[in-house]
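Structure record follows, encoded as structure tokens.
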Amino acid sequence: MENIRISAGSASLLGLQSLKMETLPTCVHLLQYSTLGCSANCAFCPQARQSIIGNKKWLSRVSWPRFPWNSVKTRIKEAFKKGICLRVCLQTVLCNSWIDDMIYTARDLLQDETVPMSIAMTPVNRQTMEVLHDIGVDRIGIALDASSKGIFSKIKGKKISGPFRWETHLDALHEALEVFGKGRVTTHLIVGLGETEKQFTRLMQEIHEQDITLGLFAFTPVRGTALSLHPRPTIECYRRMQLARFLITRGFKKVDDFSFNKITGKITGWGMSRAKIEQIVHESKGRMFETTGCPGCNRPFYTSKPGGTIYNHPAPLSNQDITSAIQILFQEEIHDGDELDC
Ligand code: SF4
């Protein structure tokens with residue numbers, strides 16, 4: 001395996017290229033190099049088989065230039081020694097020899113270094129997970145992306161001629177839990193793929209109860225993908241999902257404490273007063289609006305343009321950011337009459 005892709009921000013962090021950034025990444029993001037991209041067909045992904053982007057250097061809205069693996073590896077080790085990097089994350093791509101290459105990359109990096117390494121991958125068998133665990137990989141991520149079986153089929157599975165199945169992803173997450181242990185397995189969900197807030201929060205609760213760490217992304221349309229014309233979620237909806245995630249995963253509330261609009265499924269009540277929510281947001285310094293997923297990963301501008309609406313804050317929020325997030329959360333009136341059973 002000679003080459004690897006690295007996110008433009010990570011390449012800048014390692015001094016491989018220069019890029020002006022407001023916030024530097026805290027994690028080096030690697031992407032397996034494949035000239036043809038990925039043989040899967042996820043509807044939101046520029047690496048997908050049917051994405052019409054010719055150049056496979058894009059993932060989400062970020063470019064991933066190619067570099068020789070040996071020079072990247074050397075720079076990663078230097079970055080850890082300097083203390084400018086907290087984690088390495090390898091994103092896999094379905095292509096020939098991707099499993100062998102994934103194992104090689106992890107082993108090559110970890111054989112004489114203790115570096116917290118995550119692998120964001122598609123389902124593999126238990127034996128492969130055990131190999132990764134024994135090499136010293138710290139965490140495994142298997143992204144569900146969709147918040148229901150039906151949406152999964154449309155964006156990753158059968159309905160879009162993709163190879164993935166909802167049940168196989170869930171089984172792989174459970175198997176990863178057995179191999180890596182609680183708190184070391186992550187899944188990501190994308191807000192804005194046609195789900196209701198009720199559906200989304202219910203799944204967040206289920207995932208949390210299974211001891212799987214939960215990361216959120218806002219759907220980001222990318223040119224050339226099947227979902228290029230699909231709209232982003234509103235920032236109001238995204239802030240609600242961030243708050244719901246925080247309340248559920250920190251044990252403040254369960255989904256059954258929330259109330260939802262009967263028709264739209266939108267959250268209409270939190271089971272606590274606005275004053276209490278504001279207190280939680282202030283006391284946590286707005287942590288719920290920061291990037292979520294593995295510890296030590298901030299993914300700056302992965303799904304937000306610099307200068308545009310920041311869906312996942314890559315750095316601690318300012319007082320002004322916190323005030324603005326609270327205003328957004330409560331922009332729409334909550335009517336008691338909208339409440340209903342879940
Ligand atoms: S498996 Fe990953 S890289 Fe491949 S198309 Fe799906 S999201 Fe993109």
Side-chain angles (χ1 to χ4, degrees), residues 7-10 23 25-27 29 31 38 40 42-48 51 58-64 87 89 91-93 118-122 139-148 151-152 154-156 164 169 173 185-197 199-201 203-204 207-208 212-223 225-228 230-246 248-249 287-306 308-315 325 328:
S7 72
S10 304
T23 309
T26 51
C27 173
H29 288 275
L31 173 67
C38 184
C42 303
F44 52 83
C45 181
Q47 294 288 322
S51 145
W58 298 94
L59 189 66
S60 192
R61 56 168 302 282
V62 172
S63 81
W64 301 66
R87 178 166 291 276
C89 177
Q91 169 79 51
T92 63
V93 165
S118 303
I119 298 190
M121 64 182 187
T122 47
R139 303 175 69 96
I140 288 295
I142 300 169
L144 284 171
D145 296 315
S147 52
S148 74
I151 295 173
F152 185 96
K154 282 190 211 160
I155 63 149
K156 291 172 81 83
F164 303 128
H169 267 58
L173 281 165
V185 178
T186 304
T187 195
H188 278 91
L189 295 179
I190 300 176
V191 176
L193 291 172
E195 73 285 342
T196 65
E197 293 181 10
Q199 232 172 4
F200 201 94
T201 42
L203 183 63
M204 286 201 285
I207 288 170
H208 171 64
I212 297 168
T213 305
L214 179 59
L216 298 187
F217 287 123
F219 170 71
T220 305
V222 180
R223 202 161 32 92
T225 62
L227 289 178
S228 62
H230 189 82
R232 305 205 74 178
T234 64
I235 189 65
E236 292 82 3
C237 167
Y238 197 67
R239 291 283 179 257
R240 284 193 291 274
M241 293 306 95
Q242 288 174 308
L243 176 63
R245 176 195 172 279
F246 190 84
I248 289 169
T249 58
R287 279 291 294 275
M288 60 283 286
F289 308 119
E290 292 181 23
T291 302
T292 47
C294 296
C297 174
N298 65 344
R299 282 188 191 256
F301 307 112
Y302 193 70
T303 54
S304 301
K305 281 186 194 155
T309 304
I310 304 294
Y311 283 78
N312 287 335
H313 282 269
I328 288 170

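Fair warning: this is a prediction, and the values are worked out from it, not measured in the lab.
By the 4.5 Å heavy-atom criterion applied to side chains, I207 and L189 are counted as neighbours. For the pair L214 and T186, the minimum side-chain heavy-atom distance is 4.5 Å or more. In this structure the side chain of F219 never reaches within 4.5 angstrom of the side chain of I155, judged on heavy atoms. Put simply, the side chain of T292 reaches to within 4.5 Å of the side chain of R245, judged on heavy atoms. Residues H29 and Q91 fail the side-chain proximity criterion, which asks for heavy atoms closer than 4.5 Å. Taking the side chain as every heavy atom from C-beta outward, E195 and S148 never approach each other to under 4.5 Å. With contacts defined as side-chain heavy-atom distances shorter than 4.5 Å, the pair L59/C45 qualifies. Two residues are said to be in side-chain contact when any heavy atoms from C-beta on lie closer than 4.5 Å; R87 and P295 meet this criterion.
Between the S147 side chain and the Q199 main chain, no donor and acceptor come within less than 3.5 Å of each other. In terms of modelled atom types and a separation under 3.5 Å, the side chain of S118 and the main chain of C89 share no donor-acceptor contact. The backbone N or O of P46 sits less than 3.5 Å from a side-chain atom of S51, completing a donor-acceptor pair.
To the nearest 0.5 Å, atoms OG1 (T249) and CE (M204) are separated by 8.5 Å. Residue L173 holds its CG atom at 10.5 Å from OG1 of T213, rounded to the nearest 0.5 Å. Taken to the nearest 0.5 Å, the CG atom of L193 stands 10.0 Å off from the NZ atom of K156. Summarising the geometry, atom CZ belonging to R240 is positioned 11.0 Å from atom CD1 belonging to I328; distances are rounded to the nearest 0.5 Å. Interatomic distance, NE2 of H188 versus CG of L144, reported as 11.0 Å (0.5 Å rounding). Note that CG of L216 is 12.5 Å distant from CZ of F246, once rounded to the nearest 0.5 Å.
Among all heavy-atom pairs drawn from N298 and T291, the shortest one is O-OG1, 2.7 Å. Minimum interatomic distance between L227 and P221 (heavy atoms only, all atoms of both residues): O-CB, 3.9 Å.
Every residue meeting the salt bridge (charged side-chain N to carboxylate O under 4.0 Å, His left out) condition with E290, not counting sequence neighbours, appears here in chain and number order: R287. Under the rule for a ring-ring contact (aromatic ring centres under 6.0 Å, His included), the partners of Y238 that lie at least two apart in sequence or sit in another chain are Y311.
A side-chain donor-acceptor contact under 3.5 Å links T220 and R232.
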